[in-house]
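Comments concern the structure below.
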Amino acid sequence: MSNDETSRFVRLHVELVMEVADSGRLTGAALDHINGDPSLPAEERDHARETVQTDPAEALAYLVDPFDLVEGVPGVELTQASWSSEEIDYDADAEWVLGHDAEDDDFPEDEEPETAGAAGAAEVSADGVRARF
């Protein structure tokens with residue numbers, strides 16, 4: 001059997017490391033996004049505002065949407081998405097370890113992704129932000 005006959009689903013792993021060069025602009029954009037989201041209940045909105053004001057990784061998670069990543073790809077429909085972000089120590093000269101050999105592989109092959117949502121685990125660092133989709 002060919003791959004087309006056995007599975008119609010593909011899991012795409014993307015890892016980005018971004019430098020937060022202007023946390024004020026990032027936070028402001030996240031607050032604008034939260035304030036403009038009519039689907040967010042008042043209690044969640046208040047919590048989201050507080051969270052993004054204290055954590056750049058959370059601010060980024062509110063602005064990055066995996067649906068936007070694949071929206072224009074012909075012939076596919078996003079079935080599930082999961083993403084999180086965290087501040088990390090980053091060394092631009094260090095070699096990336098990709099694939100299943102990565103020590104911090106948070107998404108093992110046998111783990112099912114969760115429904116889309118913004119979530120982040122913050123670790124204290126000012127060097128960059130890791131976003132996983």
Side-chain angles (χ1 to χ4, degrees):
M1 278 189 170
S2 73
N3 196 29
D4 289 341
E5 295 169 336
T6 60
S7 178
R8 297 181 3 219
F9 299 93
V10 174
R11 182 181 309 233
L12 174 66
H13 294 268
V14 177
E15 184 167 332
L16 306 169
V17 175
M18 292 175 271
E19 179 180 2
V20 177
D22 188 336
S23 61
R25 286 185 65 201
L26 175 64
T27 300
L31 289 170
D32 288 347
H33 178 78
I34 291 165
N35 291 332
D37 185 351
S39 68
L40 209 58
E43 185 177 301
E44 289 180 36
R45 185 183 313 275
D46 291 341
H47 175 70
R49 285 182 190 131
E50 182 180 319
T51 302
V52 302
Q53 288 177 343
T54 60
D55 186 351
E58 281 292 332
L60 183 62
Y62 272 94
L63 294 171
V64 173
D65 186 345
F67 295 97
D68 294 339
L69 183 65
V70 296
E71 182 177 55
V73 177
V76 300
E77 180 179 323
L78 185 60
T79 304
Q80 289 181 311
S82 173
W83 71 102
S84 66
S85 61
E86 63 183 333
E87 290 188 48
I88 62 167
D89 291 323
Y90 179 68
D91 178 0
D93 297 325
E95 182 178 336
W96 274 30
V97 180
L98 302 175
H100 294 292
D101 294 333
E103 290 179 26
D104 64 343
D105 190 4
D106 293 334
F107 299 100
E109 195 171 298
D110 60 342
E111 181 179 309
E112 290 298 317
E114 297 175 12
T115 306
E123 296 177 4
V124 179
S125 170
D127 294 326
V129 175
R130 168 179 287 161
R132 277 192 175 236
F133 303 92

**OP:** Taking all non-hydrogen atoms of both residues into account, name the closest pair between Ser85 and Ala61 and its distance.
**Re:**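 Of all heavy-atom pairs spanning Ser85 and Ala61, the closest is OG-CB, 3.5 Å.
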
Subject >> Least distance between heavy atoms, Trp83 atom then Pro66 atom >> reply: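 Looking at all heavy atoms of both residues, the closest pair is CE3-CG, 3.2 Å.
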
Subject >> Set of side-chain contact (heavy atoms from CB on, under 4.5 Å) partners for Val70, sequence neighbours left out >> reply: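 In terms of side-chain contact (heavy atoms from CB on, under 4.5 Å), with neighbours along the sequence ignored, Val70 is linked to Val73, Leu78.
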
Original post:
Do the side chains of Asp91 and Asp89 get nearer than 4.5 Å, heavy atoms only?
Top reply: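 Heavy-atom side-chain distance check fails, nothing below 4.5 Å.
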
Original post:
Do the side chains of Leu60 and Val52 get nearer than 4.5 Å, heavy atoms only?
Top reply: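 With C-beta onward as the side chain, the pair stays apart.
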
To the nearest 0.5 Å, tell me how far [X] [atom1] sits from [Y] [atom2].
X: Glu58; Y: Leu26; atom1: CD; atom2: CG; answer: 11.0 Å
X: Arg11; Y: Gln80; atom1: CZ; atom2: CD; answer: 8.0 Å
X: Ser23; Y: Arg25; atom1: OG; atom2: CZ; answer: 11.5 Å
X: Leu40; Y: Tyr62; atom1: CG; atom2: OH; answer: 6.5 Å

Original post:
Under the 3.5 angstrom rule, does the side chain of Asp55 hit a backbone N or O of Thr51 as a donor-acceptor pair?
Top reply: no

Original post:
Partners of Asp22 by side chain to side chain donor-acceptor pair (under 3.5 Å), sequence neighbours excluded?
Top reply: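 Not a single residue meets the side chain to side chain donor-acceptor pair (under 3.5 Å) criterion with Asp22.
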
**OP:** Write out all pairs satisfying salt bridge (charged side-chain N to carboxylate O under 4.0 Å, His left out) with one or both partners inside residues 31-50, taking only residues at least two apart or from two chains.
**Re:**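 Every salt bridge (charged side-chain N to carboxylate O under 4.0 Å, His left out) pair that includes a residue of residues 31-50, provided the two are not neighbours, is Asp46-Arg49.
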
Original post:
Is it the case that one hydrophobic cluster holds both Val14 and Leu63, taking links as side-chain heavy atoms less than 4.5 Å apart, direct or via other members?
Top reply: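 Result: yes, single cluster for both.
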
